[in-house]
Engineer: 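Pasting a structure here, questions to come.
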Amino acid sequence: GAIASDIEPGQLVATLEAHHSTVTGLALAADGSRAVSSGRDGVAVVWDLASHTKVNTVPVFGPAEGVLLLEDSLALLAVGSTLSTWNLAKAKQLDKLELGSEVTLLRPSTLPATAHCATADLNLVTVTTGPKLTVSDTVVGNNDEVLDLAYLGEASSHLVLACNSPSLRLYTVASWRCCLASGHRDT
């Protein structure tokens, strides 16, 4: 469960219990009235912070590794190799983005409608959260063993790398910006 305490005197105020496994994320509403927690038990829990009570439990189709509140009852959840936008009040998934590798960390950005995540194959991915989830930038952390490579496009404008990852790395040669193309299952 999550623990709420008053920072000044250091007193325990409440213990918020609802998860049956590790709590992996906690996001607070901007006005401080609500919070949402995520866990490896495959649920997101909405909390009323004034009464320290559970408002809603939403099944999110798998163990969650992080949660961000976007606005009102909208949340971004990292589940497996996907990021998904949820309306927590209606327990409805609104959008889903497959990243091709397990998400290990999800954090807010200082930029509006943007989030950052890290993946198991050591990539940092920046995602635009609205109105549709899209990858806006990727920093490739590790290509591991390069198994094959090829130039593509007019005047060899792109370089594609196959490595020990389920995603191909597609580089734009002029800028060396990279995007990940998922598709392989065996690594």
Engineer: Verify side chain to side chain contact (heavy atoms under 4.5 Å, CB included) between Asp137 and Arg177, making sure each step is shown before the conclusion.
Structural biologist: CA-CA 8 Å; Asp137 197 9; Arg177 291 188 66 117; 2.8 Å; yes
Engineer: Are Leu106 and Leu76 close enough, and set up right, to give a side chain to side chain contact (heavy atoms under 4.5 Å, CB included), and what steps lead you there?
Structural biologist: CA-CA 9 Å; Leu106 178 63; Leu76 179 67; 4.0 Å; yes
Engineer: Any donor-acceptor pair under 3.5 Å linking the side chain of Thr172 with the backbone of Trp176?
Structural biologist: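 Pair absent, no side-chain N/O of Thr172 close to backbone of Trp176.
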Engineer: Considering non-hydrogen atoms only, spot the tightest contact between Val140 and Cys178 and give its length.
Structural biologist: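 Heavy atoms of Val140 and Cys178 come nearest at CG2-SG, 3.2 Å.
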Engineer: Where the side chain of Thr128 meets the backbone of Gly130, is there a donor-acceptor pair that is under 3.5 Å apart?
Structural biologist: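 Not a single qualifying donor-acceptor pair exists.
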Engineer: Would the distance check show the side chain of Ser136 and the main-chain N or O of Thr126 forming a donor-acceptor pair, the cut-off being under 3.5 Å?
Structural biologist: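 Yes.
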Engineer: Atom CG in Asp31, atom CG in Leu28: separation rounded to 0.5 Å?
Structural biologist: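 Answer rounded to 0.5 Å: 10.0 Å.
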Engineer: Roughly how far, to the nearest 0.5 Å, is OG1 of Thr57 from CH2 of Trp47?
Structural biologist: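 Here the interatomic distance stands at 7.5 Å.
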Engineer: Are Leu99 and Leu94 in one and the same hydrophobic cluster, where Ile, Leu, Val, Met, Phe, Trp and Tyr link if side-chain heavy atoms are under 4.5 Å apart?
Structural biologist: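 In one cluster: yes.
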Engineer: With no hydrogens and no angle check, is any side-chain donor or acceptor of Ser109 less than 3.5 Å from a backbone partner on Leu111?
Structural biologist: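 Yes.
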Engineer: Starting from Leu149, can I reach Val173 by hopping between I/L/V/M/F/W/Y residues whose side chains sit under 4.5 Å apart?
Structural biologist: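 Yes; Leu149 is reachable from Val173 via cluster members.
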Engineer: Is the shortest heavy-atom distance from the side chain of Val125 to the side chain of His116 under 4.5 Å?
Structural biologist: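 Side-chain contact under 4.5 Å: no.
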Engineer: Only counting residues at least two apart or in another chain, list the ones meeting side chain to side chain donor-acceptor pair (under 3.5 Å) with Thr53.
Structural biologist: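 By the side chain to side chain donor-acceptor pair (under 3.5 Å) rule, Thr53 matches Ser51.
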Engineer: Can you see which heavy atom on Val67 is nearest to which on Gly25, and at what distance?
Structural biologist: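 Heavy atoms only, the tightest pair is CG1-C, 3.7 Å.
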Engineer: Between Val36 and Leu88, is a side chain to side chain contact (heavy atoms under 4.5 Å, CB included) present by the stated rule, with each step listed?
Structural biologist: CA-CA 9 Å; Val36 61; Leu88 297 175; 3.5 Å; yes
Engineer: Would Thr24 and Ser38 satisfy side chain to side chain contact (heavy atoms under 4.5 Å, CB included), going step by step from the backbone distance to the final call?
Structural biologist: CA-CA 6 Å; Thr24 55; Ser38 63; 3.3 Å; yes
Engineer: Looking at Ala155, is its backbone amide N or carbonyl O close enough to the side chain of Ser157 to form a donor-acceptor pair, meaning the two atoms are under 3.5 Å apart?
Structural biologist: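 No, because the side chain of Ser157 does not come within donor-acceptor range (under 3.5 Å) of the backbone of Ala155.
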Engineer: Let me confirm one number: the CG-CG distance from Leu74 to Leu68, rounded to the nearest 0.5 Å.
Structural biologist: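 Here the rounded value is 12.5 Å.
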Engineer: For the residue pair Val46 and Lys54, establish whether any side-chain heavy-atom pair is separated by less than 4.5 Å.
Structural biologist: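 Not in contact.
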Engineer: Mind checking the CG-OG spacing from Asn123 to Ser167? Nearest 0.5 Å is all I need.
Structural biologist: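 One gets 7.5 Å once the value is rounded to the nearest 0.5 Å.
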Engineer: Check for me, please, whether Leu70 and Val135 land in the same ILVMFWY cluster - side-chain distances under 4.5 Å, paths through other members count.
Structural biologist: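 In one cluster: yes.
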Engineer: Does one hydrophobic cluster hold both Val43 and Phe61, with members joined at side-chain heavy-atom distances below 4.5 Å?
Structural biologist: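 Not linked; separate clusters.
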Engineer: List for me each residue that meets side chain to side chain donor-acceptor pair (under 3.5 Å) alongside Thr138, sequence neighbours excluded, and say none if there are none.
Structural biologist: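 Listed in chain order: nothing, the list is empty.
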Engineer: Any side-chain heavy atom of Leu152 within less than 4.5 Å of one from Leu170?
Structural biologist: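 Leu152 reaches Leu170 side chain to side chain.
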Engineer: Looking only at heavy atoms, which two atoms of Val60 and Trp86 are closest? And how far apart?
Structural biologist: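 Closest approach of Val60 to Trp86: CA-CZ2, 3.7 Å.
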Engineer: So which heavy atom on Leu161 is nearest to which on Tyr171, and how close?
Structural biologist: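 Smallest interatomic distance, heavy atoms only, reads CD1-CE1, 3.5 Å.
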Engineer: If you look at every heavy atom in Leu26 and Ser37, which pair is closest and at what distance?
Structural biologist: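 Heavy atoms only, the tightest pair is CD1-CB, 4.0 Å.
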Engineer: Taking Asp95 for its side chain and Leu133 for its backbone only, find out whether a donor-acceptor pair lies under 3.5 Å.
Structural biologist: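 Yes, because the side chain of Asp95 sits within donor-acceptor range (under 3.5 Å) of the backbone of Leu133.
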Engineer: Distance from Thr119 atom OG1 to Glu102 atom CD, nearest 0.5 Å?
Structural biologist: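 Here the interatomic distance stands at 9.5 Å.
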Engineer: Going hydrophobic residue to hydrophobic residue with side-chain gaps under 4.5 angstrom, can you get from Leu97 over to Leu124?
Structural biologist: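 No, it is not one cluster - the side chains of Leu97 and Leu124 are not joined through contacts under 4.5 Å.
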Engineer: Which heavy-atom pair separates Pro166 from Gly100 by the least distance, and what is that distance?
Structural biologist: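 Heavy-atom minimum between the residues: CG-O, 3.1 Å.
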Engineer: Are Thr85 and Gln93 side-chain neighbours, meaning at least one heavy-atom pair lies under 4.5 Å?
Structural biologist: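 No - every pair of side-chain heavy atoms lies 4.5 Å or more apart.
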Engineer: Distance from Glu98 atom CD to Leu83 atom CG, nearest 0.5 Å?
Structural biologist: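 CG of Leu83 is found 9.5 Å from CD of Glu98.
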Engineer: Any salt bridge between Glu65 and Arg40, counting N to O under 4.0 Å?
Structural biologist: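 Yes, charged N to carboxylate O under 4.0 Å.
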Engineer: Looking only at the side chains, is there a donor atom on one of Ser101 and Asp121 sitting less than 3.5 Å from an acceptor on the other?
Structural biologist: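 Short answer, yes.
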Engineer: Is it true that Asp41 and His19 share a donor-acceptor pair across their side chains at a distance under 3.5 Å?
Structural biologist: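 Yes, Asp41 and His19 have a side-chain donor paired with an acceptor closer than 3.5 Å.
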